[in-house]
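Atom set for the values below is all heavy atoms of this structure, side chains included, hydrogens, waters and symmetry mates excluded. Here is the naming used below: chain letters follow the sequence lines, and residue numbers restart at 1 for every chain.
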Number of protein chains: 2
Amino acid sequence: MNRPTITDIARLLQLNPSTVSRALNNHPDVSPETRTRVQELAQELGYAPNQLAVNLRKRHSGLIALLVSEMNMFFNPSVFRAIEQEVYANGYHLIILQSNNTLIREKQNVQICRQLAVEGVLVSLASEAQDLSHFAPLLDQKVPVVFFDRILPQNHSCSVTIDDVEITRLAVQHLADKGHRRIGGLFGDPNLTITRERFRGFKQVLQELDIPFEEKHIAFAQDSEQGSQQALKIMEQEPAITAFFTMSDELMVGAVQAIEQKRLRIPEEIAIIGISDGFAPEFYNPKITHIRHSGYEVGAEAARLLLGVIREEIKDPLHVQLACRLVELGSV
Amino acid sequence: MNRPTITDIARLLQLNPSTVSRALNNHPDVSPETRTRVQELAQELGYAPNQLAVNLRKRHSGLIALLVSEMNMFFNPSVFRAIEQEVYANGYHLIILQSNNTLIREKQNVQICRQLAVEGVLVSLASEAQDLSHFAPLLDQKVPVVFFDRILPQNHSCSVTIDDVEITRLAVQHLADKGHRRIGGLFGDPNLTITRERFRGFKQVLQELDIPFEEKHIAFAQDSEQGSQQALKIMEQEPAITAFFTMSDELMVGAVQAIEQKRLRIPEEIAIIGISDGFAPEFYNPKITHIRHSGYEVGAEAARLLLGVIREEIKDPLHVQLACRLVELGSV
DNA sequence: TTTTCCACAGCAAACGTTTGCACAAACCTT
DNA sequence: AAGGTTTGTGCAAACGTTTGCTGTGGAAAA
């Protein structure tokens, strides 16, 4: 037995499909009597509108796309949850497209968005993306786009990030307050704005504190494993290091591994401070002191902005920077 | 400037829309000459088919839905990645629906699937779901459904799980091999089949090993926090406990917290063994011995099954149980 | 009673594709 | 040269809704 359509209901009730449609949508033009007749029969038949037809007719899809580099355990679940909730609460559905950090996939994903007639796009850029030209197909069609987390500075759409310079300032300042002056720094993919900003912040704060910046104190790494190796290398080249700053949970995990491998005690022999929005700092003993920012908030804010743009409540590109705070645990 | 349609191209080329359609779809009925003429113009205009219209006409959406309780860091990212990749590689798109573990939301989500005419559904059940009656709307329409991870036994669709009894057997056996006979057990939501099965396995293995089962050695908890409290309670009621078995990463984290709070050393004073598919066991020092199963594999297998059913390559309900293995690290 | 207006329902077109069928021209058969 | 087949294209309907417009009957106003 096939799904009933509006036309089926119309036939059964000796009505015109248009009347049935209006009745179901509570259009004022239809009498209360027919309205209930229609709605009751619809209920009885288990009628559900064919969204495909509605979409075509209304020329929209009810879809919002999330373009993301990849799902990993460190950042995304909370961001993701926030986005899904916000999007769902507003009657849209979310479709996920991963780029695996490649530009080609990101381009394809943009095309997919266009084909599916998504009504808005949330983007956390692939690390390969050096500019935003591949988003032109969407922007040309006036599809609202909001960038978050991994963004590029030169964007004319809304964006949501955290204040990367401020975040490193908080971290390094805290280390300095505790007397550390030889500070190792572990940074992520140098292609990402987020990395560049945090690195810039790091250098800036050192300068403000009159601590000389040294190349051999810092390193870039793509993941935990590399982070661990780089941390080891730093400690070997400069045994006088008394503290590590790590710009992400992944790198923090790597650094702790290296420290444990060196059999150094935290915080007595070496301190470590990170940036986190997840559970990772709580896993360790002592727990890791870190600057906390909320992935959930980033996601929620990004989704809210996007919905605002879709509803045309927001006209101009807004660049939101979320605040964060120092969480003192036992690692410094 | 609006997006060009097939009709636009037809007009420009003095052709019928149907011919253009066929040309674009490489239908053999169209001459090579017109085919290239059409395709070149399409290229030039940046034509992309209106998927909404295609969907309506073809009566499908190209969408696969993922119904999941909620995104948390412990299980889902890897499952999720696998699913997205598999689904994407086969030309479908993924839409995510969270139930927040409530039955109401799960019912709504089923309705949404029906409305959007999704072509297949992957389900990890909400803990409130006691039966599968609310999936009837989908099954009636012959929409392929595959259950994974959190399933119910009485299902007539495909399912992918891990062998829960076997997994606990491996764990408890390992503890016993190391001489432990007073073993605490931490279990999750008792409404879930996964919990029941693991609990059943736990008792069964104890019996096989001639270890008496005691109520006060075990507890159920919904999250890390509760897990920690319950572990404390167990240790206080029964100080002779020498080992903990935890059925999930969340609970393992809770148990370790409790153990650290009691200032007991792992593994000298108390052992712990878990079940994991993630990084959590690696975070600790010593790393936590655990039974490893692959979330990625679960996701990939579930997606493959679903695609098989969609393509009608798989006719009968298949119940796949994935293998797992003991990973000996330092906690036992 | 006639006019005006409103409430309600129907008609038909439209959204952009796809596809079964018809048809013409060109190509092979004998 | 007549018939049959192939090749390429067009026609029109269909997918299930929504919506501007038209039209009707009856109530209210004159």
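- One atom, CG of A:L24, and another, P of C:dA9, lie 13 Å apart when rounded to the nearest Å.
- Counting any heavy atom pair closer than 4.0 Å across all strands shown, A:Q51 reaches no nucleic acid atom.
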Contact pattern, 5' to 3', of nucleotides 16-22 of chain D - B, S or - by protein heavy atom under 4.0 Å
BBBBB--
Could you please spell out the steps behind the salt bridge (Lys or Arg N to Asp or Glu O under 4.0 Å) verdict for B:R304 and B:E301?
CA-CA 5 Å; B:R304 278 194 290 264; B:E301 185 62 25; 3.2 Å; yes
Please list, for nucleotides 24-28 of chain C, all pairs of protein and nucleotide N/O atoms separated by less than 3.5 Å.
none

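- Among the heavy atoms of the strands, none lies under 4.0 Å from A:E33.
- Remark: P of C:dC15 and CG of B:D8 are 10 Å apart, rounded to the nearest angstrom.
- Residue B:R37 contributes atom CZ, which lies 14 Å from atom P of D:dG8 at whole-angstrom precision.
- When heavy atoms are screened at a 4.0 angstrom cut-off, A:L15 is found touching the sugar-phosphate backbone but no base atom.
- A:R150 pairs with exactly one of A:T195, A:V123, A:L192 by the side-chain contact (heavy atoms from CB on, under 4.5 Å) rule, that one being A:L192.
- We find the OG-CG distance between A:S69 and A:D149 to be 8.0 Å, quoted to the nearest 0.5 Å.
- Note that the CD atom of A:E119 and the NE2 atom of A:H93 stand 10.5 Å from one another [nearest 0.5 Å].
- Residue B:E312 places its CD atom among 12 or fewer non-hydrogen atoms of other residues, nucleotides or ligands, all under 6.0 Å distant.
- If you take CG of A:N55 and C1' of C:dA14, they are 16 Å apart, rounded to a whole angstrom.
- Taking atom NE2 on B:H27 and atom C1' on C:dC21, their separation rounds to 12 Å, with Å as the unit.
- Once rounded to the nearest 0.5 Å, the distance linking CZ of B:F147 with CG of B:L67 reads 9.0 Å.
- Atom CZ of A:F135 sits about 14.5 Å away from atom NE2 of A:H156, to the nearest 0.5 Å.
- Note that CG of B:N109 is 11.0 Å distant from CD1 of B:I104, once rounded to the nearest 0.5 Å.
- Atom CG of B:L116 and atom CD1 of B:I64 lie 13.5 Å apart (nearest 0.5 Å).
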